[in-house]
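In what follows, chains are A, B, ... by sequence order, proteins preceding strands, each numbered from 1.
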Amino acid sequence: MDYVIEMLDICKNFGTLKANDHVTFQLKKGEVHALVGENGAGKSTLMSILFGLYGADEGEIRYNGKKVEIRNPNDANRLKIGMVHQHFKLVDVFTVTENIILGNEDTKLGFLVKQNSRKKIIELRDRYGLFVDPDALVKDISVGMQQRVEILKMLYRDADILIFDEPTAVLTPQEIDELMLTIRNFAKEGKSIVIITHKLAEVMAVADRCTVLRKGKCIGTMETKDTSLEQLAEMMVGRKINFSIDKKPAQIGKEVFRAEHVSFFNKEKNRLSVNDVSFHVNRGEIVGIAGIEGNGQTELVNVITGLRKQTAGKFFLHENEITYASIRKKLEKGLGHIPEDRHKHGLVLDFDLQNNLILESYYLPDFQKFGFIKKDAIHRFAEQLISKFDIRSAGGAESIARSMSGGNQQKAIIAREITRNPDLLIAVQPTRGLDVGAIEFIHQELLEQRDSGKGVLLVSLELDEIMDLSDRILVMYDGKIVARLDPKTTSFHEIGLYMSGSKQSEVNADERA
Amino acid sequence: MKGHELWNKIKAFSVKAAKATWSFLKKVGLACGHGLKKFFTGSGFRSAVPSFLSIGLGLVFGIFTMFIIWLLVRWKVFDVVNDPKFFLGVTKLLMGGFNQGMYSVGYMLYRAAPLILTGLSVGFAFKTGLFNIGAPGQLVVGSLAALLVGVKLQLAAPWHWMLCLLAGMAAGAIWAFIVGLFKSVFNVHEVVASIMMNYIAMYFTFWAIENLGIQNQFCIRTGPNRWTCSLAPNSVTVLSTAALPKGLAEFFGGYSLNIGIVIALIAVVVMYIILHKTTLGYQLKAAGFNREASRYAGMNTKRNIILSMVIAGMLAGLGGAVAIMVSDKRMFLEEGLMSAEFMSLGFDGISIALLGISEPIGIALAGLFLAFIRQGGDYMDLANYMKELADVITSVIIYFSALSVVLYQWISKRKAKKKTLLKGEEGSDER
């Protein structure tokens with residue numbers, strides 16, 4: 001057989017959890033092989049075993065038919081296996097060259113010799129079209145370029161087997177296209193490539209074969225051309241899923257929220273994170289804010305909700321100014337907030353579920369009398385929400401939030417926010433890190449809010465989510481709104497150009513404001 | 001005939017009564033059993049396990065030390081006047097507050113009152129996410145305020161000592177308020193501010209005792225009906241109307257037990273209710289676990305920081321007042337001695353809060369335990385051991401319980417890490 005890597009019957013347990021349960025994975029020479037599955041399916045674990053980060057409990061690894069032991073990443077390097085992690089392992093204050101040679105330096109009498117390395121890097125860069133300045137500091141270059149540095153790092157070590165862990169998560173659509181091209185080039189040269197992903201469209205576009213994992217088990221391996229998106233999704237989730245979101249036409253009502261010329265100067269980063277942003281949200285619509293991470297979306301939401309103080313600008317919630325209102329006033333006047341970081345802001349992880357469900361309403365007469373907590377009322381309220389939103393946990397209302405799964409934690413937050421019946425619901429990355437079932441549920445809930453005449457502001461890094469749900473799309477780049485688009489007429493390509501800042505339109509003033 | 005009927009009636013009644021009693025007892029028993037089961041399997045008990053373990057380990061360590069000392073003396077490594085008696089020493093130590101029956105129990109309870117109050121002060125602040133290392137300072141100003149009121153004012157008995165207690169609480173509260181204000185407005189860490197406030201409290205008290213005329217008069221009879229009085233240096237006592245009443249002293253061997261322990265236990269109950277039954281406690285705990293989340297939920301975190309410091313300061317100040325409002329015992333102050341003793345009372349609060357896992361009930365038990373073991377230490381003199389061994393043992397216990405907290409965190413972190421490695425397949429999200 002012409003398998004370059006075979007992982008046979010791999011088992012890996014973490015405590016009682018079976019991360020990999022008799023998984024067999026075979027990589028042919030010169031192919032692009034996608035490893036797909038939901039969060040927690042065991043994809044990264046399997047590749048970490050191949051890369052020597054973990055040892056397998058059972059099973060064996062064969063390299064060109066011979067049994068090998070990979071005890072650490074150095075062993076993997078020796079076998080010419082390279083990996084690009086989802087979170088780049090780069091030193092910010094080093095140059096590109098220094099980062100690439102790190103751990104594999106040329107020295108003369110104990111002194112570092114960079115010239116030859118730099119030459120080799122430039123050669124590699126030109127050969128594969130991975131354009132990046134070898135003398136730039138890593139902190140100064142874009143995320144897309146940092147990824148190229150990671151790829152160059154593998155090539156510099158003459159890797160033949162390249163593993164990419166969720167490579168597209170941080171890229172714009174254009175950058176994704178480029179990356180796919182690069183990957184195909186590698187395959188043509190005879191390198192073997194593994195892509196870990198949960199985005200099926202990418203699998204169909206680039207992979208020759210794919211292996212599906214679900215809950216630690218190998219569901220199957222097949223040729224991409226013999227399968228379909230729907231079939232893959234079903235294998236991945238274990239049931240049929242509905243791709244097209246059932247979206248009724250929007251019944252757009254009166255304006256519910258308006259932001260006027262909002263700016264925020266971030267003292268820690270010493271830059272204007274939000275720069276003169278104006279927009280509005282109407283009843284019965286979802287306004288999506290797209291953009292690459294770190295372009296001011298987080299800060300914008302923080303000043304709207306009151307977690308940080310804006311430097312300039314005004315906010316109105318149904319024509320009442322709430323610019324200087326306290327967080328509680330804002331919440332009482334009809335703001336709901338599904339925060340970006342559910343562990344930092346959304347939940348008190350050491351509280352039980354019921355206490356988390358009243359986090360914003362504990363002081364209302366429903367839950368207290370003369371300052372004494374009504375335990376029974378809280379419990380009843382929690383039970384209602386648990387059954388209505390299907391929040392699952394081991395101990396019901398008494399289970400500690402920390403012990404719950406991410407999806408159910410998020411459900412709890414959404415239950416809490418929606419039950420408060422806000423006029424404007426701000427949802428930031430509401431489906432981050434969740435499995436398909438939970439994502440479907442959350443999308444449905446957001447649409448339901450829209451259809452019941454509420455305004456929804458959706459901030460997400462997932463372009464699919466923005467495109468699927470939004471009635472209007474705003475694109476943020478470098479703290480500004482650079483485009484106001486209609487999802488029906490725009491394309492991924494167009495949004496991508498705006499997101500990367502290569503296209504700008506003069507739309508900074510809200511069309512209505 | 002009548003007698004027979006009556007007999008039947010009595011029989012029927014008694015059967016009924018017996019049945020009712022039986023079912024009542026059964027219910028009570030079941031409830032107790034359930035309660036006990038819940039108690040032992042509940043998270044409260046489980047989180048107290050490290051404390052019990054460290055107490056055990058600390059005692060073992062102490063006894064082992066005593067044994068080593070005994071051995072060394074036996075082998076004539078040290079030359080001592082009085083040979084330590086190992087078994088007697090261990091007995092005295094472990095008998096603790098029971099060495100002299102009711103008398104020593106009373107003394108132990110008397111001792112425990114201020115310990116419990118300062119423990120509550122630190123523990124409450126812990127629960128709300130603040131480290132009140134300022135308890136010593138708050139305690140000292142509390143005792144100073146109680147002393148001032150207790151010496152300078154002339155009032156009838158119940159009002160006088162009640163006013164003293166209030167003065168102590170108010171002074172402690174003000175001292176802590178300053179720290180809370182600095183934290184919430186200028187973002188000065190409470191530990192830094194507290195430590196400085198401790199020094200200010202200490203030196204301020206030195207100055208106040210010398211210059212505000214609250215020292216005891218020291219009088220000598222110099223002739224028939226002639227007394228020469230002068231200020232006794234560094235010696236202070238409150239007026240008898242300001243001393244805490246000794247409600248149960250008769251029962252406890254007529255010694256020093258006053259209502260301090262009752263005040264401390266009331267404080268325990270009040271703190272328990274505040275922490276677990278009120279919206280205030282809910283807010284403060286939320287802020288203690290996750291300040292960002294409490295801010296997100298619209299709670300006034302700045303006000304909460306100040307409020308929680310003020311409550312903590314009140315408790316410490318009350319502890320100081322309780323400690324000083326004693327009538328027949330003079331607190332001698334050689335240069336700085338009283339304050340040092342009082343300061344250490346404040347620091348004991350930290351140990352007690354740690355051992356009592358910051359829960360009011362746990363703190364009450366830990367305070368009693370500390371008083372118990374110190375009492376035992378006092379009696380070890382009889383076996384020719386130094387009473388400071390008790391302090392060694394408590395220190396070791398504190399070390400163990402601090403270590404167990406760290407170990408526990410380390411273990412749960414490792415568990416969590418393994419979990420996130422799994423969940424975080426996609427890496428990112430479970431931060």
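Counting non-hydrogen atoms of neighbouring residues, nucleotides and ligands closer than 6.0 angstrom, the CZ atom of B/F131 exceeds 12 such neighbours. Summarising the local packing, NZ of A/K199 is surrounded by more than 12 heavy atoms from other residues, nucleotides or ligands at distances under 6.0 Å. The number of heavy-atom neighbours closer than 6.0 Å to OH of B/Y399, taken from other residues, nucleotides and ligands shown, is 12 or below. In this structure, B/F182 places its CZ atom where only 12 or fewer heavy-atom neighbours from other residues, nucleotides or ligands lie under 6.0 Å away. Atom NZ of A/K215 is surrounded by 12 or fewer heavy atoms from other residues, nucleotides or ligands within 6.0 Å.
Most heavy-atom pairs under 4.5 Å with chain B, from the set A/I358, A/L349, A/N356, A/L347: that is A/I358. For the options A/G216, A/P339, A/S48, heavy-atom pairs under 4.5 Å to chain B are most numerous at A/P339. With chain B as partner, the option from A/H337, A/M47, A/K329 having the largest number of non-hydrogen pairs under 4.5 angstrom is A/H337. For the set A/H345, A/K375, A/K330, the count of heavy-atom pairs under 4.5 angstrom toward chain B peaks at A/H345.
With a 4.5 Å cut-off on non-hydrogen atoms, A/N302 does not touch chain B at all. Interface remark: A/Q410 contributes no atoms to any contact with chain B (heavy atom separation under 4.5 Å). Contact annotation for A/L331: only side-chain heavy atoms (C-beta onward) come within less than 4.5 Å of a heavy atom of chain B. In this structure, no portion of A/H85 lies under 4.5 Å from any heavy atom of chain B. Heavy atoms closer than 4.5 Å to chain B are found nowhere in A/I400, neither backbone nor side chain.
Taking B/E190 as the reference, B/K183 meet the salt bridge (Lys or Arg N to Asp or Glu O under 4.0 Å) condition, with sequence neighbours excluded.
Judged as a salt bridge (Lys or Arg N to Asp or Glu O under 4.0 Å), the pairs with a partner in residues 352-362 of chain A (not counting sequence neighbours) are, in order, A/E360-A/R416, A/E360-A/R420. Counting only residues at least two apart or on different chains, the side chain to side chain donor-acceptor pair (under 3.5 Å) pairs with a member in residues 279-288 of chain B are A/Y362-B/Q283, B/Q283-B/R303, B/Q283-B/N304.
With contacts defined as side-chain heavy-atom distances shorter than 4.5 Å, the pair B/I273/A/F372 qualifies. Between B/E292 and A/D341, the closest side-chain pair of non-hydrogen atoms is not below 4.5 Å.
Below 4.5 Å, heavy atoms of chain A meet no heavy atom from residues 305-315 of chain B.
The minimum heavy-atom distance linking A/H343 with B/N290 is given by the pair O-ND2, 3.2 Å.
At distances below 3.5 Å, not a single donor-acceptor pair connects side-chain atoms of A/R328 with backbone N or O atoms of B/N300. A/D350 places no side-chain N or O within 3.5 Å of a backbone atom of B/G288 that could act as its donor or acceptor partner.
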Exercise for review: Walk me through it: do A/I327 and B/Y296 pass the test side chain to side chain contact (heavy atoms under 4.5 Å, CB included)?
Suggested key: CA-CA 7 Å; A/I327 296 176; B/Y296 151 90; over 6 Å; no
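Between A/K344 atom NZ and B/R295 atom CZ the span is 8.5 Å, to the nearest 0.5 Å.
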